[in-house]
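In what follows, a structure is listed as structure tokens, so that the remarks can point back to it.
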Amino acid sequence: MDHGRLLNIVDVEATCWEGKRPPGAVSEIIEIGLTVVDLDAGERIARHRVLVKPARSTVSSFCTELTGLTQAEVDTGLDFAAACRLLAVEHATGVHPWASWGDYDRNQFTHQCRVTGTAYPFGHRHTNAKAVFTEANGLLKRPGMARALEIAGLPLEGRHHRGEDDAWNIAALVLQLNRRGAWPA
């Protein structure tokens, strides 16, 4: 089946704390949301969620309040290296271009891959959807995803700060930009 131009939209959630990070703890990816869009068809064609078990930190109560993710839930996840392999093998993340809202997700993957010695699962064709949205809408400041949805007149579907739902919502923004001719070829 030919799907045209596929794009992976990725959003991660990572361990976080209110205020200062506890001694010895590091921010680690605990959820990877991935929505596949077909730019030619103008639709979201797949939605995925990968839970990742943190190795050097735990899910704080602040993190649970923000994301809804609990330590017990992420304990059922894959280790980070296995999650990266799954992205590459099952979702062709090294082949298809990808986008995220801002550079946080790309930087988090780059850093965590480097410090854990894990092969980076993505290709080099990354687009900062927040930058494209900001320019396309003539904005002076880059909005957060929820604010961008308001500006675009789109609903926030699901729970904000949940990787799977945020990737789905970012995909709606990307598709709207693509319909307007504002998404880079």
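In what follows, every heavy atom counts, from backbone to side chain, and hydrogens, waters and symmetry copies are set aside.
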Determine whether D79 and K53 make a side-chain contact, defined as any pair of heavy atoms from C-beta on separated by less than 4.5 Å.
-> no
Distance, nearest 0.5 Å, that separates CG of L78 from CG of L51 = 8.0 Å
Could you pull out the closest heavy-atom pair between S100 and V10, with the gap in Å?
-> CB-O, 3.4 Å
Determine whether Y120 and V26 fall in the same hydrophobic cluster, where Ile, Leu, Val, Met, Phe, Trp and Tyr are linked whenever their side-chain heavy atoms lie under 4.5 Å apart.
-> no
With R162, which residues qualify under side-chain hydrogen bond (donor to acceptor under 3.5 Å, both in side chains), at least two apart?
-> none
Validation: residues 27-37 side-chain donor-acceptor distances under 3.5 Å, sequence neighbours left out:
residue: S27; atom: OG; partner: T15; partner atom: O; Å: 3.0
residue: E28; atom: OE1; partner: A55; partner atom: N; Å: 3.3
residue: E28; atom: OE1; partner: R56; partner atom: N; Å: 2.7
residue: E28; atom: OE1; partner: S57; partner atom: N; Å: 2.8
residue: E28; atom: OE1; partner: S57; partner atom: OG; Å: 2.7
residue: E28; atom: OE2; partner: A55; partner atom: N; Å: 2.8
residue: E28; atom: OE2; partner: R56; partner atom: N; Å: 3.2
residue: E31; atom: OE1; partner: G163; partner atom: N; Å: 2.6
residue: E31; atom: OE2; partner: R49; partner atom: NE; Å: 2.7
residue: T35; atom: OG1; partner: W168; partner atom: N; Å: 3.3

Do V52 and V74 come close enough that some side-chain heavy atom pair is under 4.5 Å?
-> no
Which heavy atom in D165 sits nearest to a heavy atom in E157, and how many Å separate them?
-> CB-O, 3.8 Å
What's the spacing between D166 CG and E164 CD if we round to 0.5 Å?
-> 10.5 Å
Within-4.5 Å side-chain heavy-atom neighbours: I9 and W101 | no
Taking side chain as C-beta onward, heavy atoms only, is L6 less than 4.5 Å from I45?
-> yes
Using a strict cut-off of less than 4.0 Å between a Lys/Arg side-chain nitrogen and an Asp/Glu carboxylate oxygen, indicate whether R142 and D103 qualify as a salt bridge.
-> no
Please list, one pair per line, the donor and acceptor atoms closer than 3.5 Å that link side chains of residues 81-98 to other protein atoms, with sequence neighbours excluded.
residue: T93; atom: OG1; partner: L87; partner atom: O; Å: 3.2
residue: T93; atom: OG1; partner: A88; partner atom: N; Å: 3.4
residue: T93; atom: OG1; partner: P121; partner atom: O; Å: 2.5

For the residue pair G68 and E73, what are the closest heavy atoms and their distance?
-> O-OE1, 3.9 Å
Considering all heavy atoms, the nearest A148-L173 contact | O-CD2, 3.8 Å
Side-chain heavy-atom pair L175, W183 within 4.5 angstrom cut-off | no
Kindly give the heavy-atom pair with the smallest separation between F109 and V12, and that separation in Å.
-> CE1-CG1, 3.4 Å
If you measure from CG on N169 to NE2 on H160, what distance do you get to the nearest 0.5 Å?
-> 9.0 Å
Kindly compute the distance separating SG (C113) from CD (Q108), expressed to the nearest 0.5 Å.
-> 10.0 Å
With a 4.5 Å limit on heavy-atom distance, are the side chains of L140 and T134 in contact?
-> no
Please tell me if the side chains of L7 and V174 come closer than 4.5 Å, counting only heavy atoms from C-beta onward.
-> yes
Between R5 and D40, does at least one N-O distance fall below 4.0 Å, as a salt bridge requires?
-> yes
Got a donor-acceptor contact below 3.5 angstrom from the Q71 side chain to the T58 backbone?
-> no
Sub-3.5 Å donor-acceptor pair from the side chain of N128 to the main-chain atoms of K130, do we have one?
-> yes
Okay, side chain of T127, backbone of A99: is any donor-acceptor separation there less than 3.5 Å?
-> no
To the nearest 0.5 Å, atom CD of E150 lies from atom CG of L154 at 11.0 Å
What are the two closest heavy atoms between L177 and A136, and how far apart are they?
-> CD2-CB, 3.6 Å
Please examine the side chains of C63 and W17, heavy atoms only from C-beta on, and report whether any two atoms are closer than 4.5 Å.
-> no
Rounded to the nearest 0.5 Å, what's the gap from CD on Q112 to CG on N107? Could you check?
-> 12.5 Å
